Q: 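First, the structure itself, so that you have it in front of you.
In the text below, chain A, chain B and the rest are named by the order of the sequence lines, each starting its count at 1. All figures in this text were calculated on a predicted structure; none of them were measured in a lab.
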2 protein chains.
Amino acid sequence: MDNRLRHVCTQCKTIHYQNPRIVAGTLPFYEDKVLLCKRAIEPRLGYWTLPAGFMENEETTPNAAIRETLEEANARVHLGQLISIIDVPHISQVHMFFAAELADLNYSSGPESLEVELFAEADIPWDELAFPTVKRTLKHFLKAKENNVLIRDIELLVDYIDFKDRIKK
Amino acid sequence: MDNRLRHVCTQCKTIHYQNPRIVAGTLPFYEDKVLLCKRAIEPRLGYWTLPAGFMENEETTPNAAIRETLEEANARVHLGQLISIIDVPHISQVHMFFAAELADLNYSSGPESLEVELFAEADIPWDELAFPTVKRTLKHFLKAKENNVLIRDIELLVDYIDFKDRIKK
Ligand SMILES: [Zn+2]
Ligand SMILES: [Zn+2]
């Protein structure tokens, strides 16, 4: 572990450890619709995403997901189960999304969102989604719904593509 | 997200972001035994743990778990499914453990382990375990085995204690 590259502060040459960052978020749903936020900031300004952001110190992953959902969409949710954990190694991130039922319909744009809207499956702007992990998580959730799988029984998507490649035999 | 406390380098006053860190590891098993490592370094030197360590940049969580298992126990594994994700907010960590079948019995102590040993359930040194997340993960795994639950069907332990507390109604 101590052989890895570390960030060296260019100002003073102090060594600072860098580690992968967790992005925690929710897939907020209401009846047969899912909530998406149109991003007001880069990266992918103008594209639609699930509410999510970097986990902060001294919080739990469910709390991070709830907090980001409140910040980005002013949405209060009943948090459900974890539905996806997707590694994004090229940018040293791990994305985690929880299913979450909207507690009310008083959502609105936070500072990082241009718009916040509920979409029926047929209306999801697939070509305008911000990130691959959002697309994968949405597809996974909708597939389960199509098969009438209860929210609580949705199989966790654990980045199975990479996972299978890397199992050493 | 930008209102949080940030680490300021005391040397030059440059702001450096600090984020929670992921600890990835395995619960290596062989037949009815589980592999534990006696720690050679602090914290909890001399206590028994599952092989695990901080995830590094540009790797995936499964790879981190496999790598740490090799480093700490010179053990090659067939990685199974994720069995626990436990938040440890007071030290800003998230612990993730995968079930993993030993590929061979040629394990041995790495630099961070004094000893590495396979334990039958009746012999697990419960009072000498290094960390609560290790204890919880072991108990969860053994409970499933006791109920003849297949490895692939073990329910993911997602820090349910805190999780339930924090669901906003
Ligand atoms: Zn610095
Ligand atoms: Zn500095």
Q: On a heavy-atom basis, which atom in H90(A) and which in E58(B) lie closest, and how many Å separate them?
A: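 Closest pair (atom of H90(A), atom of E58(B), distance): O-OE2, 4.3 Å.
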
Q: Which atom pair, heavy atoms only, marks the closest approach of P20(A) to N57(B)?
A: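 Closest approach of P20(A) to N57(B): N-OD1, 3.3 Å.
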
Q: Just wondering, are more than 12 heavy atoms of other shown residues or ligands nearer than 6.0 Å to CG in D127(A)?
A: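 Not more than 12 within 6.0 Å, no.
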
Q: Spell out, yes or no, whether L36(B) and L70(B) are grouped together once hydrophobic residues are joined by side-chain heavy atoms under 4.5 Å, including indirect joins.
A: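 They do not share one cluster, since no chain of ILVMFWY contacts under 4.5 Å joins L36(B) to L70(B).
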
Q: More than 12 heavy atoms of other residues, nucleotides or ligands under 6.0 Å from NZ of K145(B): is that the case?
A: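 Correct, the count exceeds 12.
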
Q: Atom CD of E155(A) and atom CD of Q81(B): how far apart are they, to the nearest 0.5 Å?
A: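 Interatomic distance, E155(A) CD to Q81(B) CD, rounded to 0.5 Å: 8.5 Å.
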
Q: Considering only heavy atoms, which portion of E59(B) lies under 4.5 Å from any heavy atom of chain A: side chain, backbone, both, or neither?
A: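 When you check distances to chain A, only backbone atoms of E59(B) fall under 4.5 Å.
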
Q: A quick test of your reading: do over 12 heavy atoms of other residues, nucleotides or ligands sit less than 6.0 Å from CZ of F119(A)?
A: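 Yes.
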
Q: Let me check something: do L35(A) and L79(A) share a hydrophobic cluster, defined by ILVMFWY side-chain heavy atoms less than 4.5 Å apart, either directly or through other members?
A: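 Yes, L35(A) connects to L79(A) through the hydrophobic network.
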
Q: Would you say the side chain of I85(A) lies within less than 4.5 Å of the side chain of I85(B), judging by non-hydrogen atoms?
A: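 Result yes, sub-4.5 Å side-chain heavy-atom pair found.
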
Q: For a 4.5 angstrom cut-off between non-hydrogen side-chain atoms, does D87(B) reach M55(A)?
A: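 With C-beta onward as the side chain, the pair touches.
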
Q: Under a 4.5 Å side-chain heavy-atom rule over Ile, Leu, Val, Met, Phe, Trp and Tyr, are I124(A) and F131(A) clustered together?
A: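 Yes; tracing contacts between hydrophobic side chains, which count when under 4.5 Å, links both residues.
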
Q: Once you round to the nearest 0.5 Å, how far does CD1 of I22(B) lie from CG of N19(A)?
A: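 Atom-to-atom, I22(B):CD1 and N19(A):CG are 9.0 Å apart.
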
